[in-house]
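In what follows, a single structure is set out as structure tokens and then discussed.
The basis for the numbers below is simple: all heavy atoms, side chains too, and nothing from hydrogens, waters or symmetry mates. Sequence lines set the chain letters: A, B, ... in the order given, protein chains first and strands last, and positions in each chain run from 1.
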Amino acid sequence: MEASEAKSKKQGASRLCCLCNQRRPVLKRPKTLQQICKDCFYEVFEEEIHQVIVKNGLFKAGERVAIGASGGKDSTVLAYVLSELNRRHSYGLDLFLLSIDEGITGYRDDSLETVKRNELQYGLPLQILSYKDLYGWTMDDIVKMIGLKNNCTFCGVFRRQALDRGAALLKVDKLVTGHNADDIAETVLLNILRGDIARLSRCTSITTGEDGPIPRCKPFKYTYEKEIVMYAYFKKLDYFSTECIYSPNAYRGFAREFIKDLERLRPRAILDIIKSGEDFRIATTTKMPEQGTCERCGYISSQKWCKACVLLDGLNRGLPKMGIGRARGGVNGDHKKETKKPASAARSLESKQCGSLDF
Amino acid sequence: MACNSSGCESGGCYGREKDNGRKAVDVKETVTLCVKCKCNEPMTFGDGGSDDGRFCAECFRSNVYGKFRLAVTSHAMITPSDNVLVAFSGGSSSRVALQFVHELQVKALKNYEASRDRSLPVFGVGVAFVDESAAYPALYGGVSDAIAWVRSTVLSLSPPGKDLHVVPIESVFGSDSVEARDRLVKLLDSVSDETGKEDLLLHLKMLSLQKVASENGYNRLVVGSCTSRLASHVLTATVKGRGYSLSADIQHVDARWKVPIVLPLRDCVWQEITRLCHLDGLKTVELARHPQSGINDLVSSFVALLQEENPSRECTIVRTAAKLTPFYFNKIPETDDSCVPMATQRRLKKFNLKYDGSMTTEAFCPICNCPLNGSDSSEDESDALYAASCSSCRFQILPQDGSSLEQFGSLLPHHMISQVKHHQKVDSQTYLREKIKDCLLLDDEEAV
């Protein structure tokens, strides 16, 4: 494969796009390594996503759909492509942008400006919800209190609930997020490394939470991150491209590095990981947590209090470690096992960083 | 440990005791004892690994051997009437497997000679060494030395005596060594993907082991794969899209082959194995490997990195994969053979209850022998080999264009191709008919 690649590189200038055979190729498609022109790239990119939406029955005509918009490349491209496909193929959807302001100065406030511009550029109504309004705490406040360990746990738990609350406010039927193939492949690997068989069985589903408040789906499930970047680049889409300033050396980083190396050797491996995840023989009797509601806020929860309430309670009481690691008592304590000794709790703290949570 | 005598400082106590002639109290700064038996001094291997300096030599050894023996007995891997072939590569894992099987055999022999009625025979043990030099002619200068070393090692492990079978990997093609070697090189050359080539060689290696095992009357093949090896396998299988068949490869028993494969060291980690080799002075030989630049190597480095970060990561990976549902062939099949002792038969029956009794007929990929996921098959493929193969082999082993595909098929060992023909014919009606044939009164199906 490498020999023929080198050959075609040399002949690049004289060859034609291998899809339309008319125009000059300007890029090598990350997924298939085909040398194609810009227009053909747009076409295959958009068409593949359309096929994913249709084949998986992601939407029904007349649905109100909120796009989780962070201002980053995934959500910007998602908003752009979805509104384009909605128009082109007459999905009949009512699209909205839903953005969560975690209160991270120098990061979120900048990316929110991008989303506000997207609202104007794509003509999609925008709703912004802030942690400050919902919970009384910004991520800046939280990090000041707990430092840079486990901050991703707080942020992830809060964001999930915030998105659901925002979706309820907008009275939408569905939430879509920009999780791409690389994200899902990373999650599959992480769940194997961590021993989380229950999550492993759910993490490749294109639609989740159908039995919950708001179903969520991931139209980019089979879309490569590199192609999303390429699309945004060529279309000159407006997006904010920095990593969260609080993201620590998360465990997910290991998986991400590995996948980058893997992609270089064999691009289709990313899809192969997802396929493996879908094909794993996991007994359907695998214990799933029982669904109830939180006593404090009414949100969906498998325990007495939902995770967000537990974490909030901890923050408000100045006990930031509450809700992190195994419960040693407290509200949900009688439902969970006691820890053996602090040292093991400390270790589980370190391992339960960003990425251990549901997508 | 504090000294009992009052007013002493830890450093100076020895001197004072000598002077005072008091009863000696151990005043070493840290007196550690084996955490298991609490009598002996713990071993330090100084290899920078975890759990160093916790167990004494005996407890460490009995720990590892105990895991081996538990695996063997609870899965009925080796029973008195068996004839067991140990796959021996010269590496640490298979060296330990060979050693432990030998010790088990020695014990069985002792019991046999001591028993009055001699009712339980001693199982037979043979050793197989696969010679891969034909695959990488440039690299295998030292193979004859390695073989000589293997021979002397096996000789030293008697009584009871063990046959050694040196199996050239090209023997899967036939007995004419020159032609077979040629064919092997041609076959490997026609695989363009680096990882595919490595994997194809592994499949051929297993075929050659199966061949020598069945031709020489062995009914069990012992493979020394340890936890660490399986952890890498879990990840390589995942990244190659082989998630469905993964659970078949990592169990203690794999009976989809003619000669069932057993993995008695499955629950031991690499660190234990190398430490044991060091402790018992078990020599190993490391043959020069073809530089691996494919996915398998990438995954090994990744696992090594993860191990640095957390030494129990390998175990967690295998534990996760162990939660996947195994296949019906992941246990020693029950047998009505009267030669098999009743105790064994009972144990097999008990084991059977653990798995759901459904005898699903799985189709298998002719190249890698993995169980095929129903959704993968494409009936309308023009090439029979392509249609019968799994998606991973289709991508990384089979040639991409139609004309080379036919030629490739002709190069494969007969055993692989015969599988393909078999699949083409079997449909459910035929399969069912085969099962009840002896009770059908009329020959033709019209009567039904």
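- Of the listed residues (A:I259, A:D261, A:V188), the greatest number of heavy-atom pairs within a distance under 4.5 Å of chain B belongs to A:D261.
- Taking 4.0 Å as the cut-off between side-chain N and carboxylate O, B:R242 and B:D249 do not count as a salt-bridged pair.
- Top candidate by heavy-atom pairs under 4.5 Å with chain A, chosen from B:N310, B:I295, B:I317, B:V299, is B:I295.
- Interface residue A:L189: only side-chain heavy atoms are found under 4.5 Å from chain B.
- Neither the backbone nor the side chain of B:A321 comes within less than 4.5 Å of any heavy atom in chain A.
- For the residue pair A:T204 and A:E278, no side-chain donor N or O sits within less than 3.5 Å of a side-chain acceptor on the partner.
- For B:N296 and B:K240, the side-chain atoms include at least one donor-acceptor pair closer than 3.5 Å.
- A search for salt bridge (Lys or Arg N to Asp or Glu O under 4.0 Å) contacts involving B:R319 returns nothing, not counting sequence neighbours.
- Using a 4.5 Å cut-off between heavy atoms, B:T238 contacts chain A through both its backbone and its side chain.
- The part of B:E309 that comes within reach of chain A is its side chain, from C-beta onward, which places non-hydrogen atoms under 4.5 angstrom from that chain.
- With respect to the salt-bridge test (charged N to carboxylate O, under 4.0 angstrom), the residues B:K186 and B:D189 do not qualify.
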